[in-house]
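Here the structure is laid out as structure tokens; the discussion comes afterwards.
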Amino acid sequence: MVRYPRPSVPARVFARLDPPGPHGSAAEVRTLAGAARRFLRHPRPPVLLGCVGTLAVLRVVRGPWRIRDTGVAVAAVAAQPFVEWSVHRILLHARPGGRLGSIGYQLAGYGHEQHHRDPTNLDTMFLRPREVISGTVAVAAPALLGPPWAATGALCLGMGALVYDWTHFLIHTRVPPRTAYYRRLWRGHRLHHYRNERYWLGVTSPLGDLALRTDPPRDAVALSPTARGRGTTAASRPAATPSAQFVRTAQCSGRAGDGQLRSGDARPPGSPVPVTGPGPG
């Protein structure tokens with residue numbers, strides 16, 4: 001009889017915090033209140049909320065807010081779009097070719113690939129407790145032992161991750177965009193999934209894409225062969241679940257030459273304008 005080594009204590013803790021599911025589909029969520037409830041009921045976001053709360057407590061115990069803390073917070077907000085862009089492009093879309101690519105693919109690329117195969121599947125939607133807790137431990141030491149502004153920086157990192165996780169989840173639900181800014185984020189991320197995954201890499205801000213020229217007009221970019229999992233085999237492709245059906249109704253959105261949505265583009269869920277033309281291919 002083969003005896004396998006018992007998992008380590010951290011591995012058992014992470015397994016308990018991150019049960020495998022199934023956890024359903026974001027396409028089942030139609031209201032903002034429903035999105036908040038689903039976000040909190042999923043096992044992963046509460047771990048992130050707890051870690052951000054811990055960093056907030058660390059910042060409070062380090063003393064009063066000073067001018068330097070304001071500078072750190074402003075710098076963190078300014079850097080967020082570019083950090084988000086870099087992580088998305090380099091790490092989440094790492095391919096298993098070359099030494100660095102293989103490491104990135106093992107760390108995050110494979111999991112993100114599963115998200116692209118079934119974008120509304122909540123099993124692969126959120127940041128994992130393993131990375132969240134490890135990152136919190138890494139920044140907690142300088143937050144506690146370094147200058148007070150280091151605790152401010154750590155809190156800003158945690159808040160950035162939380163805003164990213166919530167925004168990313170909300171985009172994949174059927175909650176319709178109600179502001180021009182969020183509509184831009186919503187449209188850009190759908191183009192990323194259903195048009196070409198090398199573009200529209202921002203989730204909480206389009207600034208990184210604008211500055212780094214990855215926000216082209218929809219028709220200027222060819223449909224990627226891996227969009228909606230087209231690079232996978234028929235056996236590994238997700239079945240026609242409600243999630244997959246929602247993907248079909250949310251074909252690529254984007255800007256026509258005049259900046260308007262056209263027939264065949266995705267529209268916000270609940271839009272009264274019918275889709276009368278073909279999809280993007």
Side-chain angles (χ1 to χ4, degrees), residues 10 13-14 17-18 32-33 35-92 107-108 125-171 173 175 177-186 188-189 201-212:
V13 170
F14 290 140
L17 292 173
D18 193 15
L32 190 60
R37 289 192 296 269
R38 199 64 171 268
F39 186 78
L40 294 174
R41 289 175 182 171
H42 193 284
R44 290 181 177 179
V47 176
L48 177 57
L49 284 166
C51 288
V52 173
T54 300
L55 294 175
V57 171
L58 285 178
R59 178 60 196 86
V60 170
V61 301
R62 294 307 310 274
W65 189 273
R66 301 183 184 278
I67 295 178
R68 180 170 291 185
D69 295 293
T70 301
V72 170
V74 170
V77 172
Q80 170 83 7
F82 302 98
V83 173
E84 190 175 282
W85 190 98
S86 300
V87 170
H88 201 165
R89 181 68 175 268
I90 299 171
L91 185 61
L92 298 184
L107 289 175
M125 179 73 67
F126 300 106
L127 298 174
R128 298 184 301 179
R130 181 184 299 272
E131 284 76 24
V132 169
I133 295 175
S134 299
T136 301
V137 171
V139 300
L144 188 60
L145 302 176
W149 58 261
T152 302
L155 177 58
C156 290
L157 287 174
M159 289 296 298
L162 180 59
V163 172
Y164 171 90
D165 226 21
W166 164 253
T167 305
H168 182 232
F169 162 65
L170 190 63
I171 287 172
T173 67
V175 178
R178 300 188 184 280
T179 66
Y181 182 77
Y182 177 62
R183 183 183 296 272
R184 182 185 181 95
L185 300 178
W186 180 92
H189 196 63
L201 297 160
V203 173
T204 65
S205 170
L207 184 59
D209 287 309
L210 291 171
L212 299 170

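When a residue number appears, it is its place in the shown sequence, counting from 1.
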Got a second to check how far [X]'s [atom1] is from [Y]'s [atom2], nearest 0.5 Å?
X: Thr173; Y: Leu32; atom1: OG1; atom2: CG; value: 8.5 Å
X: Phe14; Y: Ile133; atom1: CZ; atom2: CD1; value: 5.0 Å
X: Leu145; Y: Arg62; atom1: CG; atom2: CZ; value: 7.5 Å

Any side chain to side chain donor-acceptor pair (under 3.5 Å) pairs touching [range], not counting sequence neighbours?
range: residues 129-149; answer: Arg128-Glu131
range: residues 40-55; answer: Asp18-Arg44
range: residues 71-81; answer: Gln80-Glu84

Please report the closest heavy-atom contact between [X] and [Y], naming both atoms and the distance.
X: Leu185; Y: Thr167; value: CD1-CG2, 4.3 Å
X: Ala35; Y: Leu170; value: CB-CD1, 3.8 Å
X: Leu127; Y: Leu48; value: CD1-CD2, 4.3 Å

Under the side chain to side chain contact (heavy atoms under 4.5 Å, CB included) test, which residues partner [X], sequence neighbours left out?
X: Ala78; value: none
X: Pro142; value: none
X: Val60; value: none
X: Ser205; value: Pro81, Tyr181, Leu207

Salt bridge (Lys or Arg N to Asp or Glu O under 4.0 Å) partners of residues 142-155, not counting sequence neighbours, each pair once
none

Salt bridge (Lys or Arg N to Asp or Glu O under 4.0 Å): which pairs involve residues 146-164, sequence neighbours left out?
none

Pair up each side-chain donor or acceptor in residues 151-162 with any protein partner under 3.5 Å, not counting sequence neighbours, and list the distances.
from, atom 1, to, atom 2, distance (Å)
Thr152, OG1, Arg59, NE, 2.7
Thr152, OG1, Asp69, OD1, 2.4

With sequence neighbours excluded, give me every ring pair (Phe, Tyr, Trp, His ring centres under 6.0 Å) pair touching residues 44-87.
none

So Trp166 and Phe39, would you call those rings parallel, tilted or perpendicular, with 30° and 60° as cut-offs?
perpendicular

Please verify the inter-ring angle class for Phe169 with Phe126; under 30° counts as parallel, over 60° as perpendicular, anything in between as tilted.
tilted

Can you list everything that forms a ring pair (Phe, Tyr, Trp, His ring centres under 6.0 Å) with Tyr164? Sequence neighbours excluded, please.
His168

